[in-house]
Amino acid sequence: MSQTAKIRVRMAPSPTGYLHIGGARTALFNYLFARHHGGTFILRIEDTDRERSKKEHEEAILKDLKWLGIDWDEGPLKDGPFGPYYQSERLDLYAKHLKTLAQKGRTYLCYCTPQELAAEREDLLKRKKTPRYLGRCRTLTDEQKRKFENEGRTSVVRFKIEETKSIVFEDLVRGKVEVDPKNVGDFVIAKNDGMPLYNFASVVDDSEMKISHVIRGEEHISNTPRQLLLLNQLGLPAPQYVHVSIILAPDRSKLSKRHGATSLGEYEKMGYLPEALFNYLALLGWSPGDDKEVMTRTEMIQSFSIDRLIKSPGIFDVQKLTWMNGLYIRSKPIEEITQLAKPFMEKAGLLLQDKEDSWLQKIIENVRGNLERLDQMGQYAEIFFDEKFQMDEESTKFLLENKESAQKVLEVLKALLSKYTAPDTIDTSGFESLQKELKTKVDAKGKTLFWTQRAALTGKLKGPEMVLVYATLPISSCQKRIEKTLSILK
RNA sequence: GUCCCCUUCGUCUAGCCCGGUCCAGGACACCUCCCUUUCACGGAGAAAACACGGGUUCAAAUCCCGUAGGGGACACCA
């Protein structure tokens, strides 16, 4: 069996919020790494925080991952040999390992109140020391414990740090990382109700699930020494650690709501294509090493490698994402993009129910060159919908300024169009002969001629080429619009 | 504050490990031009960076030291 066959990675979100950009990218790197090596990608729900974990968040996370095109091999809705994949269903496992630690004398009950803890922290801060728990409850006697309990205090389980030698680990992207244990205080590993806390639960599960590489955000670097200590006491092997740089907002601070959309769901609503977001995110903090930027998923899987992960944090650049999205919108098969665009058109108030897909496709063909996001669909497509027909200011001004010639052009056009009965739109050759005839019958040329038609037929001075407009807009609509325009001109 | 991490165009990055091929390459954005009787798309081009200071060396973006700046962590959250 090859080495790479044993690769097992995981994405371990906690359902306390929606999947944000950073989380999605971490998932993506894990996914790419697993697929590149033919390994296993596991999804584990870290729902140990009973108060904040919500089923709706979990569902949203699952939905968003699927939307992005990240599928897992083991996890919720996909049972595997290492389940269950919800931490809340693995409590006996943590209890077992907790017992091991207790037997080794490495745990103790702590009765400190949040106020006491905060006071200690502040004091340390004031004295320019690393804030950490100093171990006040380490040597509590049974009598003292009883006293605290009688006072109504609750306890938590802390891990006792006894090691003095520096903790060293080799991070696959950062290299050697070294931490002095004296900067790490005894930390809480379980609540009084037996619910494990992150550092402890995570370590137990990674080990039980045979995770080979832990690929996670940089914010976890400082948790790693704690986890290593735990692992060591538990007699469990450590995985390879890979700390990926975080994603920053344009002002170099942590990406948050005030910088705009942070959840994947919001990007979907704005009309970003999952392929585009996937592609863009993969490039934020990773590069294939050549100049290739637009890549298919398969290409990314093929060229993905951990040693091409970038150490420095990256700024999320919506502009580049948007550019890439436009690229994907233009290159997607017309049938597909039409289906995707429909909801956005409906949302923009365009009436689709009696419209045929083939006609909708023509519209998309007309306007996709202008699109960067699907939610811009309405503003470009509306010119083809009679219910939205409206002369804008620019067009009105133009028509009024060229009133006489415009009237003439439209009268002649109206007459010419009445000769067309079937099919109900005008194709390229029809368009050419129509224009030729129009030109000979009226004394208008070039810009005036075209802009008059454009204004009358679309209500705007900007838009798709006229030949496409004629090929898409039914003649009956053209007639109606010409009438309406003429009435404005009177 | 303490600990840890990071530092190439405005932004994403290639190059750095294995010094010379780099007066630093690509992409987004910006600007100019071409295509186009409009808007886009597309094409061509311009401008734009090795944080700073020392050292090592014939030679440093690349190696070493220091400084500055930025970020992260410091929960009975993950």
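In what follows, chains are A, B, ... by sequence order, proteins preceding strands, each numbered from 1.
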- Message: How many whole angstroms separate atom CG of A:L124 from atom C1' of B:A73?
- Response: 15 Å

- Message: Tell me whether the side-chain N or O atoms of A:K320 pair up with the base of B:A27 as donor and acceptor below 3.5 Å, since no angle test is needed here.
- Response: yes

- Task: Name the pairing partner of B:C63, where a pair is Watson-Crick or G-U wobble with both distances under 3.5 Å, or state none.
- Result: B:G55

- Message: Less than 6.0 angstrom from the centroid, inside 45 degrees of the normal: does A:R297 satisfy that with respect to the ring of A:F278?
- Response: yes

- Message: Strictly by Watson-Crick or wobble contacts shorter than 3.5 Å, is anything paired with B:U21, and which nucleotide is it?
- Response: none

- Message: Under a plain distance cut-off of 3.5 Å, with no hydrogens placed, do A:S166 and A:E178 share a side-chain donor-acceptor pair?
- Response: yes

- RNA chain B: A:L283 or A:V188, which has the more 5' nearest nucleotide? A:L283

- Verify the contact: side-chain N or O of A:K460 to OP1 or OP2 of B:A40, cut-off strictly under 4.0 Å; return yes or no. no

- Using both distances under 3.5 Å as the test, list the Watson-Crick or G-U wobble partner of B:G69, or none. B:C6

- Query: Looking only at side chains, do A:Y380 and A:N366 share a donor and an acceptor under 3.5 Å apart?
  - Reply: no

- Message: Heavy-atom nearest nucleotide on RNA chain B for A:F316 versus A:E219: which residue maps closer to 5'?
- Response: A:F316

- Message: Counting only Watson-Crick pairs (N1-N3 plus N6-O4 or O6-N4) and G-U wobbles (N1-O2, O6-N3), all under 3.5 Å, who is the partner of B:C74?
- Response: B:G1

- Task: Using atom CH2 of A:W323 as one end and atom C1' of B:U11 as the other, report the distance to the nearest whole Å.
- Result: 13 Å

- Message: Determine whether a donor-acceptor pair (one donor, one acceptor, N or O, separation below 3.5 Å) exists between the side chain of A:N223 and the base of B:A78.
- Response: yes

- Item | Partner nucleotide of B:A48 by Watson-Crick or wobble geometry (both distances under 3.5 Å) | none

